[in-house]
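The shown structure was predicted, so the numbers you read here are calculated from the model rather than taken from an experiment.
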Amino acid sequence: MSSDWEVRISNSRGTPYFFNHTTKQSSWEAPAELSPEQVQALLSASGAPKKASQVRASHLLVKHNGSRRPSSWKESKITRSKEEAIEILRGYQAQIGTDAHKFSELASVHSDCSSHDQGGDLGLFGPGQMQKPFEEAAYGLKVGEISDVISTDSGVHLVMRTA
Ligand SMILES: Cn1nc(-c2ccccc2)cc1C(=O)N[C@H](Cc1nc2ccccc2[nH]1)C(=O)O
């Protein structure tokens with residue numbers, strides 16, 4: 001019965017799992033017999049931390065000669081060093097401050113990501129979809145906040161969380 005299930009927190013992983021106290025079954029995934037509302041109620045009752053399922057973010061990317069794909073809509077062969085890329089990005093960071101409109105304006109002109117033509121907007125994404133440093137930066141921001149310079153295999157970025 002669905003009422004036999006409870007959520008416990010794994011000691012080793014620190015993450016929630018589902019335990020049936022009648023059958024003694026356990027599962028990392030929510031049992032199919034539970035409705036989304038029942039799953040949410042069990043998770044809330046367990047005190048498991050809520051992670052936003054998806055976030056939306058924009059970014060301004062400056063690639064360098066060590067980038068995974070050292071070319072972009074602007075330059076067919078990007079040869080600047082990572083240090084030079086950071087210096088360039090710091091210049092944009094100083095112009096942007098905390099101004100979201102300025103962020104999108106500069107991203108549309110200067111970002112080496114193909115999302116430049118959307119003002120750097122990447123749309124909604126969930127855990128596991130973006131490179132880890134980018135995901136951690138985006139999830140660590142409040143809506144409207146702009147990150148400091150972060151680095152991924154693609155280059156160096158400023159990230160702005162928008163939802
Ligand atoms: C992840 N992604 N979304 C778009 C995108 C989204 C909306 C509209 C147009 C393009 C482009 C990309 C992408 O990977 N672009 C790469 C550069 C890049 N690398 C990233 C790593 C993390 C997040 C965004 C990133 N963008 C490229 O153009 O070489």
What do you reckon, is CD of E87 surrounded by more than 12 foreign heavy atoms closer than 6.0 Å? no

Should we say atom NZ of K24 is surrounded by more than 12 heavy atoms from elsewhere, each under 6.0 Å from it? yes

Rounded to the nearest 0.5 Å, what separates atom [atom1] in [X] from atom [atom2] in [Y]?
X: T162; Y: L124; atom1: OG1; atom2: CG; result: 8.0 Å
X: S46; Y: R8; atom1: OG; atom2: CZ; result: 12.0 Å
X: I78; Y: E84; atom1: CD1; atom2: CD; result: 12.0 Å
X: K132; Y: Y139; atom1: NZ; atom2: OH; result: 8.5 Å
X: E136; Y: Q131; atom1: CD; atom2: CD; result: 12.0 Å
X: I86; Y: S151; atom1: CD1; atom2: OG; result: 6.5 Å

What's the shortest heavy-atom distance between [X] and [Y], and which atoms?
X: A57; Y: A138; result: CB-CB, 4.4 Å
X: I96; Y: L158; result: CD1-CD1, 4.0 Å
X: S67; Y: S154; result: OG-O, 2.8 Å
X: I150; Y: P133; result: CD1-O, 3.9 Å

Just to verify, what does [X] make a side-chain contact (heavy atoms from CB on, under 4.5 Å) with, not counting sequence neighbours?
X: Q118; answer: D121
X: S115; answer: H59, C113, L122
X: D148; answer: R90, Q93
X: N20; answer: D4, W5, T22, T23, Q25

Check whether [X] reaches the backbone of [Y] with its side chain - one donor and one acceptor, N or O, closer than 3.5 Å.
X: S108; Y: E105; answer: yes
X: R80; Y: K63; answer: yes
X: K74; Y: D112; answer: no
X: Q38; Y: S35; answer: yes
X: R161; Y: A163; answer: yes
X: S26; Y: F19; answer: no
X: H64; Y: G66; answer: yes

Are the side chains of N65 and P70 in touch, meaning some heavy atoms are under 4.5 Å apart? no

What orientation do Y17 and W28 show, parallel under 30°, tilted 30 to 60°, or perpendicular over 60°? perpendicular

For F18, give me all partners under ring-ring contact (aromatic ring centres under 6.0 Å, His included), at least two apart in sequence or on another chain. none

Using the test ring-ring contact (aromatic ring centres under 6.0 Å, His included), find all partners of H116 that sit at least two apart in sequence or belong to another chain. W73

